Amino acid sequence: MVGKEGLRTGVLNSSFGKLMMVGGGENSGKGVNLKAGVITDWKDIPVELLMQILSLVDDQTVIIASEVCRGWREAICFGLTRLSLSWCSKNMNNLVLSLAPKFTKLQTLILRQDKPQLEDNAVETIANFCHDLQILDLSKSFKLTDRSLYAIALGCWHLTKLNISGCSAFSDSALAYLASLCRELKVLNLCGCVKAASDTALQAIGHYCNKLQSLNLGWCENVSDVGVTSLAYGCPDLRTLDLCGCVLITDESVIALANSCPHLRSLGLYYCQNITDRAMYSLAQSKVKNRMWGSVKGGNDDEDGLRTLNISQCTALTPSAVQAVCDSSPALHTCSGRHSLIMSGCLSLTSVHCACAVQAHRAITTIPNTAH
């Protein structure tokens, strides 16, 4: 028993002692001391000061601090809104089971894993106790099943950001159910969720999650034009969409996005080899229209148009079509150090350049030759 308590005391003395140093070398190293004697030990730190200190230390120390005494436990459990357990390389599941019932005011919970540890019972516990959650990261949780998604849908309806990338066991029916209840979602990462990310799920997301701004569908190879067009029509505020590796989509998806999502700023089409010039011209025309409409309303033209476009391995595209997109979106760059128009693997597009790259080239060619 002495070993455990001694370890906790040592960690706390070390952590808080460094943060609570009082000028003049008054701190003896045995704890926290103030000249006036208001604080004689780290256990006497006021709740407000305690929460400020805990915001500066790592999450392991926060957990240790919550076991000091009843007062600290209640203060931390009530005041802690953000927690990351990604540092936990083993026993994360048991740790979540023990902490979730205590930290009921959490708004952000990061459970990213290098190796799968989380199981459904831990996620169900989170959903049962942490009803204020807004941000949840469960990426690489390969052990989780649909039980987890159903639990999140029923208990965490305030979610605005959910990362379940790599959770390959989830089904599209479970994801559709979650979308029907978590209607505040703005950011959703489904990269690698091959079974969950289907046209059926995207139709549900488009129908219920109208506030969605960012969606990652990377390598979700079952997604087709049906799902993407439903998403485009239902989520007009979409700003970032990654469709890299969605090999079934065609120009119809991009045309729907161009026509229905005026705020689209980042689009990933890597390895979408069915994309042709039609898609590029639709993007160019929509951005020109948006800029004209923004000028009428007094908007800022610099904020209009795409800022990132990945068309690597889209080998059917021609330079004229891609140049039209680049011309219509001034924030797209091909110049050195600012690449935001990514075209690797498209050897036919080497003649495409942004405005500043063209200007730099002209400046170099017009420098007079002073050599004799």
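What you see is a predicted model, and the numbers here were worked out from it, not measured in a lab.
- Of all non-hydrogen atoms in Leu332 and Ser340, the two that sit nearest each other are CA-OG, 3.4 Å.
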Query raised in the report: Run the side chain to side chain contact (heavy atoms under 4.5 Å, CB included) check on Leu349 and Thr318 step by step: do they pass?
Result: CA-CA 7 Å; Leu349 302 180; Thr318 65; 5.6 Å; no
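- A 4.5 Å side-chain heavy-atom check between Leu181 and Leu154 finds at least one atom pair inside the cut-off.
- Leu257 has its side chain within reach of Leu241: a pair of non-hydrogen atoms, C-beta onward, lies under 4.5 Å apart.
- Judged by distance alone, with hydrogens and angles left aside, the side-chain atoms of Arg147 form no donor-acceptor pair with the main-chain N or O of Leu144 at under 3.5 Å.
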Query raised in the report: Should Gln113 and Ser139 be marked as a side chain to side chain donor-acceptor pair (under 3.5 Å) after you check the CA-CA gap, both sets of side-chain angles, and the distance that decides it?
Result: CA-CA 7 Å; Gln113 304 152 78; Ser139 51; over 6 Å; no
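- Taking each heavy atom of Ser282 and Ala258 in turn, the nearest pair found is O-CB, 3.6 Å.
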Query raised in the report: Are Met280 and Leu269 close enough, and set up right, to give a side chain to side chain contact (heavy atoms under 4.5 Å, CB included), and what steps lead you there?
Result: CA-CA 11 Å; Met280 295 298 103; Leu269 297 172; 4.2 Å; yes
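- Here Cys182 contributes atom SG and Trp157 contributes atom CH2; the two are 9.5 Å apart, rounded to the nearest 0.5 Å.
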Requested in this report: Go through the steps to decide whether Ile255 and Arg278 satisfy the test side chain to side chain contact (heavy atoms under 4.5 Å, CB included), and finish with yes or no.
Outcome: CA-CA 8 Å; Ile255 292 171; Arg278 280 184 64 217; 3.1 Å; yes
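- By the 4.0 Å N-to-carboxylate-O rule, Arg73 lies too far from Glu67 to be salt-bridged with it.
- A donor-acceptor pair under 3.5 Å is formed between the side chain of His131 and the backbone N or O of Gly155.
- Val123 is connected to Leu83 through a chain of hydrophobic side-chain contacts under 4.5 Å among Ile, Leu, Val, Met, Phe, Trp and Tyr, so both are in one cluster.
- Here the side chains of Lys161 and Leu185 are not in contact, with every heavy-atom distance at 4.5 Å or above.
- The two atoms that bring Thr229 and Asp225 nearest to each other are OG1-O, 2.6 Å, heavy atoms only.
- In this structure, Thr334 contributes its side chain and His339 its backbone to no donor-acceptor pair below 3.5 Å.
- Counting only N and O atoms by type, the side chains of Asp251 and Thr276 include a donor and acceptor under 3.5 Å apart.
- Proximity of a side-chain donor or acceptor of Asp237 to a complementary backbone N or O of Gln213 within less than 3.5 Å is not detected.
- Remark: the backbone N or O of Val325 is paired with a side-chain donor or acceptor of Ser328 at under 3.5 angstrom.
- Side chains of Ile152 and Leu178 form a contact here, defined as non-hydrogen atoms less than 4.5 Å apart.
- The heavy-atom pair separating Ala127 from Cys156 by the smallest distance is CA-SG, 3.9 Å.
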Query raised in the report: Do Ile311 and Leu317 pass the side chain to side chain contact (heavy atoms under 4.5 Å, CB included) test, and can you show the C-alpha distance, the side-chain angles, and the key distance before you say yes or no?
Result: CA-CA 9 Å; Ile311 50 173; Leu317 300 177; 3.8 Å; yes
Below 3.5 Å, can you tabulate the donor-acceptor pairs from side chains in residues 94-109 to any protein atom, sequence neighbours excluded?
unit_1, atom_1, unit_2, atom_2, d
Ser98, OG, Asn94, O, 3.4
Ser98, OG, Leu95, O, 2.9

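- Between Trp219 and Tyr271, the ring planes lie tilted relative to each other; the angle falls in the 30° to 60° range.
- Judged by distance alone, with hydrogens and angles left aside, the side-chain atoms of Gln323 form a donor-acceptor pair with the main-chain N or O of His353 at under 3.5 Å.
- Leu306 has its side chain out of reach of Arg265: every pair of non-hydrogen atoms, C-beta onward, lies at least 4.5 Å apart.
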Report task. Carefully, step by step, assess Asn222 and Ser198 under the rule side chain to side chain donor-acceptor pair (under 3.5 Å). Result -> CA-CA 6 Å; Asn222 294 325; Ser198 68; over 6 Å; no
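- Looking only at distances, a side-chain donor or acceptor of Asn274 sits under 3.5 Å from a matching main-chain atom of Val247.
- To the nearest 0.5 angstrom, Leu347 atom CG is 10.0 Å from Thr315 atom OG1.
- Thr240 and Ser214 are not linked by any side-chain donor-acceptor pair at a separation below 3.5 angstrom, with hydrogens and angles left out of the test.
- Here the rule is side chain to side chain contact (heavy atoms under 4.5 Å, CB included) with Val223, and of Leu248, Leu202, Leu231 only Leu202 fits it.
- Looking only at side-chain heavy atoms (C-beta outward), Gln60 and Trp87 come within less than 4.5 Å of each other.
- Contact check for Arg183 versus Lys211: no side-chain heavy atoms found under the 4.5 Å cut-off.
- Judged by distance alone, with hydrogens and angles left aside, the side-chain atoms of Ser329 form no donor-acceptor pair with the main-chain N or O of Cys326 at under 3.5 Å.
- Note that SG of Cys354 and CG of Leu341 are 8.5 Å apart. Values are rounded to the nearest 0.5 Å.
- In this model, a donor atom of one side chain and an acceptor atom of the other lie less than 3.5 Å apart for Asn121 and Asn93.
- Between the side chain of Thr250 and the backbone N or O of Glu252 there is at least one donor-acceptor pair closer than 3.5 Å.
- Tyr281 and Ser320 form a side-chain donor-acceptor contact under 3.5 Å, judged by distance and modelled atom types alone.
- Side-chain contact between Val228 and Val254 is absent, with no heavy-atom pair separated by less than 4.5 Å.
- Thr61 and Asp58 form a side-chain donor-acceptor contact under 3.5 Å, judged by distance and modelled atom types alone.
- The CG atom of Asn163 lies 8.5 Å from the CG atom of Asn216; values are rounded to the nearest 0.5 Å.
- Residue Met92 comes nearest to Arg112 through the heavy atom pair CE-O, 4.0 Å, listed as atom of the first residue, atom of the second, then distance.
- Looking at Asp120, its side chain does come within 3.5 Å of a backbone N or O of Thr145 through a donor-acceptor pair.
- Transitive grouping of hydrophobic side chains (ILVMFWY, heavy atoms separated by less than 4.5 Å) brings Leu85 and Leu133 into a common cluster.
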